[in-house]
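Inspection log for the structure reproduced underneath, given as structure tokens.
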Amino acid sequence: MEIATVFVVVLWVFSVGGAESKYMVYNTSQGIVPDKLNVHLVPHTHDDVGWLKTVDQYYVGSNNSIQGACVQNVLDSLVPALLADKNRKFIYVEMAFFERWWKDQSEAVQQTVKQLVSSGQLEFINGGMCMHDEAATHYIDMIEQTTLGHHFIKQEFGVTPRIGWQIDPFGHSAVQAYLLGAEIGFDSLFFGRIDYQDRAKRKNEKSLEVVWRGSKSLGSSGQIFAGAFPENYEPPSGFYFEVNAASPIVQDDPTLFDYNVQERVEDFVAAALSQANITRTNHIMFTMGTDFKYQYAHTWFRQMDKLIHYVNIDGRVNALYSTPSIYTDAKHATEKSWPIKTEDFFPYADRAHGYWTGYFTSRPAIKRYVRMMSGYYLAARQLEFFKGRNKSGSNTDLLADALAIAQHHDAVTGTEKQHVANDYAKRLSIGYVEAEKVASSSLACLVDSKSCTGGGSAKTEFQQCPLLNISYCPPSEIDFSNGKNLIVVVYNALGWKREDVIRIPVMHEDVTVRDSAGRVIESQVLPLTENRISLRNYHVKAYLGQSPSKTPEYLLAFSASVPPIGFNTYTISRAKTKGASSARSSLHLLQRGDKSTLEVGHENLKLTFSAEEGKLTHYINSRSSVKESVQQSFSYYSGYNGSDESPQSSGAYVFRPNGTFLIKPAKKDILTVIRGPIIDEVHQQINPWIYQINRLHKGKEHVEVEFTVGPIPVEDRIGKEVATQITTNMETNKIFYTDSNGRDFIKRIRDYRTDWDLKVNEPAAGNYYPINLGIYIGDNKTELSVLVDRAVGGSSIVDGQIELMLHRRLLRDDSKGVDEALNETVCIDNKCKGLTIQGKYYYRIDPVGEGAKWRRTAGQEIYSPFLLALTEEGEDNWMSSHVPTYSAIDSSYTLPDNVAIITLQELENRKVLLRLAHLYEIGEDKDLSTMTEVELKKLFPGKKIAKVVEMNLSANQERSEMEKKRLAWKVEEESLEESQMTSRGRAVDPAKLVVELAPMEIRTLVVDFDETFSPQVFDA
Ligand SMILES: [Zn+2]
């Protein structure tokens, strides 16, 4: 009461003072006041890089009947609004938009904006091209898209973003916290969406703000201050000030009606005190903005000016213009200790039946396309470096942009409208075409043994086969009868030598494969089954617009052995003598009911199938003495169609099943068995819309499962979410492990959360986790690991079992904003049917504790498959006139088994950006979870390294600078010893040039060469 009296008196004084002129100067200059509750007003806009509209439509403000959103308006109106008062502040996040806008501005506007940035009025936060998703993204893509945005900011403004701002993604990953947070050099990370049960508990305990230690291996050296917002990323209720918003504005002109200063100040103070009640320290943040707001920035700033002015006259709390940086510094200055948080914030539920775990799998084709392009981009940039970057002609920039945008939290997630999904795919395709030219021409230079760095071009013209997944590869489908040979150059982007089986469609059965020394090597022709042919012909017509002119009947398989970061060449020709021909596969059909048992496999690994039951029964590895009873099955969840009592439907975001149904193989089911010296396959038509191949390769000890699912029938008006299960007898006691963005594995316990007592409302959906690399289970004898070829959702719903969700087709929108059912189709001549998905997963069973080696090595091989470049040869002898085999690294050298090169990219002035990643966590493998080293001199033979500078992860500052600046945070209840238990590689010695890597460490280096030493990048 007393305070209110004072308030009225002060107001009266002001009213008198303003009588002469109505022009009002608001005092917005208030900074932090140490002994008051400080309310940090953070003006922001959340601009989705595609969602209901495409990225271009959002930028220019077209297609407004879908959503009135125009980013150009936001940025245009921001500049005068900030200039009007130097105390006003704003943050901007998504560089995909900002970069478009920047290029449109005059030099004068650019100068003004540069001043706004250097004065701190405009601050870049997060600063990637988009605000990437954290569930369906691979860590390499997260790093690359952040690097791209940070590079732009550094180049144009000379600044480095300090704060992570992941306010909208649907759950938060450990990799985001430590890798894309601490290792970037961020001082804090803020986000909006955590589980509603978790949030309630954290509010109670004032633990929404924590120190998040995302990596077991990097410990406190990879920790970051992290804050979950109390509700979402919007202002407190009643403080929305967009042009047409319903919140009451502050009307402070006493000569007009509806004067309401006192009420508005009361509302503000009430909102502040309520938030202060659940927040530690005397600093709270109001996130003043939401999706695509500030299209007329004055409306927001005018109200905030007034609120700051009158609230501070009132004096109960202190209101100020702020940014997340100022807020973070204020929190840090309190010198408080914070609760510690480990692991991640998955899965995310916003209510009892609202588990956002459907999007882990939604739009599986886009997810696969993004992953394929990601691996391709890595390889193409290596090749781009060997050849020398081309600024004017084809380069990898378009693919980089398309991939960056595709990481947005409504892109790879599958939560965008269909036309927007099409837009992402189109951009990837355009980017791919350019990158393919780079890869082909670089390989051509290498095989022609001429350097192309001087601008010369090679004779050889290579073609590639991006549709090999549907057995479509025109350059390999040639007629050998006229004496032509097919040359296949196989490029390996990994830092170690590898062998993998290649399969390409061919027209003839009697072919020979020769290696680079001209020796005939073992090969096998497999019949292209009817099912594969119809899949191929339909999708070639659907995607390329015309049916293929011919239909190959065979797939040729052979094992290619390729040196590290290099290639090997194989020649395929018509067999001249019978003995030199590829082995033909045996083919036989096992009818259901046959009493026989079928065994397939080559050396160590065998699978047995029961013909009687038509299914897999055992997995036997004679080398490791693993014999495990294994079954494999399909099921579907019927999608819940929201009712009045419980409106939540299953949709693009949310997985809400209404029962689960086993898909029983048809009674007349047969097993088609194809066997040969390199590949054994067991084909099964599970039902009219599920086809499966179990494939075993000679020399490999894992099973490759290729599935074709769709069109999912919905004639019964029920949406379906199709899952597969691998079931063993392992006693797994509710425990399973899933990866975080393809990197660290996190222990999951069914129906349990580390941070709170879980109330289980959704026994399936609430136990689903995102998978990008793999999932595994184990008991005291064995462990089962499954690796995936794209982001999927998965779980262990039953002990001893791993489940993956493969495909979803749903008929209802799930009310999270996209306003479309997830019902993907594919069309020919406007005749559409449900989308068919083809994909692979890989599994292996090892003695307990021995699975990590395969998970990590095979995981890299799946991410970076061989890149094939094909050409026809006439009369010449290819091998004598070309370079048949090549490795970019020293011939005596290979990268250690626990290290991968995740970036090798040419920068300006022939400098190179190199990222080396240790692939193992602490304690993951007895031999490989150790400090390891890479010899740079051997990575770049024939070149003299002039200088190596270690950078932060996004390469926008030197690592030493970053470490000097970065804030250190105190953690509650921790011994000094615990806080120092981190191991990292030492600084790179400029003479030895050896890079040490500790478990899970990624080191980012800029390597500068002395080009006078050797102008030739590669000499044969
Ligand atoms: Zn968003």
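Indexing begins at 1, ligand by ligand and atom by atom, following the structure's order.
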Original post:
Under 4.0 Å between a Lys/Arg side-chain N and an Asp/Glu carboxylate O for D410 and K417?
Top reply: no
Original post:
Do Y294 and F90 make the cut of ring centroids closer than 6.0 angstrom?
Top reply: yes
Original post:
Quick one: are the ring centres of F170 and Y359 less than 6.0 Å apart?
Top reply: yes
Original post:
Which residue, D329, V42, T287, D187, forms the side-chain contact (heavy atoms from CB on, under 4.5 Å) with P324?
Top reply: V42
Original post:
Which of these, N63, D423, N64, sits in a side chain to side chain donor-acceptor pair (under 3.5 Å) with K53?
Top reply: N64
Original post:
So, for H132 and H138, is the gap between ring centers shorter than 6.0 Å?
Top reply: no
Subject >> Heteroatom count (protein N, O or S) under 2.8 Å of the Zn ion (ligand 1) >> reply: 4
